[in-house]
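Some notes on the structure that comes next.
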Amino acid sequence: MGHLKDLDKQHIVNTYARFDVLIQKGKNATCWDEQGKKYIDFTSGIGVNSLGFCNDDWTQAVCEQVKTLQHISNLYYTTPDITLAEKLTQATGYDKVFFANSGAEANEGAIKVARKYSFDKYQTQRNVIITLVNSFHGRTVTTLAATGQEVFHQYFYPFTEGFRYAQANDIESVKQQIDENVCAIMYEYIQGEGGVLPLESDFIQQVAEICKQNDILLIADEVQTGIGRTGKLLAGEHFGIRADIVTLAKGLGGGLPIGAVLCNQKTSKVLGFGDHGTTFGGNPVACAGANVCINQISDPAFLQQVVQKANHIKETLSKVEEVTEISGIGLMMGLELKTKTAKEVAAECLKRGLLVLTAKTKVRLLPPLTINNQELEEGIQILISVLNQ
């Protein structure tokens with residue numbers, strides 16, 4: 001381990017504060033380090049491993065695709081991405097999808113769709129996008145500009161222009177930012193990196209109505225909340241909202257890089273030949289894995305199990321004195337603590353065999369959607385032991 005850590009520091013750009021563990025293998029919600037120590041995973045690779053580590057169906061589909069066709073480019077038709085597009089649009093009710101490689105790329109695509117929609121229709125400087133304070137939309141120069149956190153607006157000037165920030169759950173703040181130059185409003189239903197903070201239903205309804213009345217596009221960033229994470233295929237279903245554009249990534253691929261931009265009938269014809277593109281988008285191997293994810297996660301019975309697991313976690317942890325609040329929806333939750341810091345809890349959990357995340361002051365939990373009862377209970381008990389010490 002020490003030798004590998006030295007090589008890491010020597011050869012990899014030091015942009016990550018890694019936990020002091022080297023994970024070698026995993027199965028479902030359990031993984032092992034190079035010394036054979038076992039860990040229960042409540043992170044899903046930050047919401048990516050929706051079916052856990054090395055799901056049998058997912059692994060088989062990916063391996064078969066690797067042996068058949070790993071890449072050819074979007075100049076040619078391939079089966080996996082066409083199949084995935086059909087599954088996604090049928091399951092979500094959206095008209096068309098554009099495939100990218102990450103959440104940031106998906107959000108970049110959504111921004112381009114929104115700005116071209118207004119350019120084509122109004123041919124004016126109608127290109128401003130309103131996002132929310134405390135939001136997070138990616139780490140490219142443009143998605144950093146879209147992110148409503150000042151801490152990210154450093155070093156990389158000049159940032160892309162055309163973004164304004166409104167306070168979450170404050171409709172008057174949103175109204176104050178609107179003028180004839182606004183083309184879209186973009187938000188996360190749950191601000192994940194911002195502290196696992198769900199938006200209020202009334203606020204979302206009012207934002208949607210403002211967009212409808214003013215022909216402003218509504219963009220839902222579901223990079224972290226989408227694909228079953230909240231107990232619905234899309235988190236917007238909890239609020240009865242169908243945004244004009246929805247962005248997906250993370251759990252869609254089950255462990256391989258993929259992003260997606262879902263467009264409704266209003267937005268699906270905005271981009272034409274040459275307006276957007278990507279070398280790896282719709283990659284056959286990534287799409288083969290994503291097809292398995294959609295097949296399993298879109299099943300109502302599967303989603304109901306996600307809800308049941310989430311309810312069990314909340315009911316159990318709400319009885320712990322150290323936990324003062326549990327935020328989030330489904331298997332995306334944040335624990336506000338009374339006396340301990342999230343960083344301290346995460347470090348101690350690691351020592352005891354549990355992987356958890358942090359989000360500002362909160363311990364963040366994103367377990368695989370397939371976590372079984374034994375893994376779930378074992379992880380909960382480790383977490384409780386740390387919180388009670």
Side-chain angles (χ1 to χ4, degrees), residues 92-98 106-138 142-149 159-191 194 197-223 225-226 234-248 261-272 275-276:
T92 63
Y94 279 82
D95 193 43
K96 291 185 180 181
V97 61
F98 174 88
N107 286 335
E108 290 260 2
I111 289 166
K112 289 177 70 173
V113 171
R115 287 180 168 169
K116 188 170 186 294
Y117 172 86
S118 274
F119 180 86
D120 289 346
K121 191 168 184 179
Y122 299 99
Q123 296 182 339
T124 63
Q125 294 301 310
R126 199 177 191 265
N127 52 28
V128 173
I129 296 175
I130 297 172
T131 67
L132 300 180
V133 173
N134 205 45
S135 61
F136 182 83
H137 297 294
T142 295
T143 55
L144 279 175
T147 293
Q149 298 187 56
F159 290 101
T160 305
E161 297 179 351
F163 293 95
R164 299 175 187 168
Y165 314 105
Q167 293 292 331
N169 298 321
D170 184 346
I171 197 63
E172 293 304 317
S173 178
V174 174
K175 290 178 180 178
Q176 289 170 9
Q177 299 297 334
I178 292 177
D179 60 22
E180 68 278 4
N181 295 320
V182 173
C183 68
I185 298 177
M186 182 177 187
Y187 61 64
E188 308 152 276
Y189 288 105
I190 305 172
Q191 294 183 329
L197 301 172
L199 298 185
E200 296 172 0
S201 181
D202 287 348
F203 173 76
I204 294 172
Q205 302 295 334
Q206 291 177 78
V207 169
E209 185 60 29
I210 288 172
C211 288
K212 181 179 179 181
Q213 292 176 356
N214 296 278
D215 194 24
I216 294 171
L217 294 184
L218 185 62
I219 304 173
D221 177 345
E222 292 227 36
V223 167
T225 60
L234 298 179
E237 297 175 42
H238 289 286
F239 306 94
I241 294 294
R242 291 183 55 78
D244 297 299
I245 306 169
V246 174
T247 58
L248 302 170
V261 184
L262 290 172
C263 298
N264 64 7
Q265 291 186 343
K266 187 176 182 178
T267 58
S268 64
K269 296 178 178 62
V270 171
L271 297 180
D275 288 334
H276 197 39

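Between Leu217 and Thr267 the shortest side-chain heavy-atom distance falls below 4.5 Å. Ile245 is not listed as a side-chain neighbour of Lys266, based on a closest heavy-atom distance of 4.5 Å or more. Side chains of Val182 and Gln177 form no contact here, defined as non-hydrogen atoms less than 4.5 Å apart. Two residues are said to be in side-chain contact when any heavy atoms from C-beta on lie closer than 4.5 Å; Leu248 and Leu234 meet this criterion.
A donor-acceptor contact under 3.5 angstrom links the side chains of Thr247 and Asn107, judged on distance only. Side chains of Glu222 and Thr225: a donor on one and an acceptor on the other come within 3.5 Å. With 3.5 Å as the limit, one finds a donor-acceptor pair spanning the side chains of Asp215 and Tyr122. One side chain, Glu209 or Gln213, offers a donor N or O that lies under 3.5 Å from an acceptor on the other.
The residues Asp120 and Lys269 are annotated as not salt-bridged, no charged nitrogen and carboxylate oxygen being separated by less than 4.0 angstrom.
Thr143 pairs by the side-chain hydrogen bond (donor to acceptor under 3.5 Å, both in side chains) definition with Thr140, not counting sequence neighbours.
No donor-acceptor distance shorter than 3.5 angstrom exists from the side chain of Glu188 to the backbone of Ala220, with no hydrogens or angles considered. Judged by distance alone, with hydrogens and angles left aside, the side-chain atoms of Lys96 form no donor-acceptor pair with the main-chain N or O of Ser268 at under 3.5 Å. At distances below 3.5 Å, at least one donor-acceptor pair connects side-chain atoms of Ser135 with backbone N or O atoms of Gly148. Looking only at distances, a side-chain donor or acceptor of Lys112 sits under 3.5 Å from a matching main-chain atom of Asp275.
Annotation: Lys212, atom NZ; neighbour count of heavy atoms from other residues, nucleotides and ligands within 6.0 Å does not exceed 12.
We find the OG1-CZ distance between Thr147 and Phe159 to be 9.5 Å, quoted to the nearest 0.5 Å. Interatomic distance, CZ of Arg115 versus CD of Gln125, reported as 10.5 Å (0.5 Å rounding). Here the CZ atom belonging to Arg164 is positioned 11.5 Å from the CD1 atom belonging to Ile129, to the nearest 0.5 angstrom. Interatomic distance, Ile185 CD1 to Asp244 CG, rounded to the nearest 0.5 Å: 10.5 Å. Rounding to the nearest 0.5 Å gives a distance of 7.0 Å between CD1 of Ile178 and SG of Cys211. Here the straight-line distance linking atom CG of Asp95 with atom CD of Gln265 works out to 5.0 Å at 0.5 Å rounding.
Shortest non-hydrogen contact noted between Ala146 and Tyr165 is O-CE2, 3.9 Å. Residues Ala166 and Ser173 share a closest heavy-atom pair of CA-OG, 3.5 Å. The two residues Ala208 and Ile241 have their closest heavy-atom pair at CB-CD1, 3.7 Å. The shortest non-hydrogen separation linking Met186 to His137 is CE-ND1, 3.7 Å. Asn169 and Pro198 get closest at one heavy-atom pair: ND2-O, 4.1 Å. In this structure, Ile219 and Ala184 approach most closely via the heavy-atom pair CD1-CB, 3.9 Å.
For Arg242 and Tyr94, the positive end sits near the middle of the six-membered ring, less than 6.0 Å away and at most 45° from its axis.
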Step by step, would you call Phe136 with Val223 a side-chain contact (heavy atoms from CB on, under 4.5 Å)?
-> CA-CA 10 Å; Phe136 182 83; Val223 167; over 6 Å; no
Pair Val207-Leu199, side-chain contact (heavy atoms from CB on, under 4.5 Å): steps then yes or no | CA-CA 11 Å; Val207 169; Leu199 298 185; over 6 Å; no
side-chain contact (heavy atoms from CB on, under 4.5 Å) evaluation trace for Gln167 with Leu132 | CA-CA 6 Å; Gln167 293 292 331; Leu132 300 180; over 6 Å; no
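Taking the six-membered ring where the residue is Trp, His276 and Phe98 present tilted rings, their angle falling between 30° and 60°.
The ring of Tyr187 has its center closer than 6.0 angstrom to the ring center of Tyr189.
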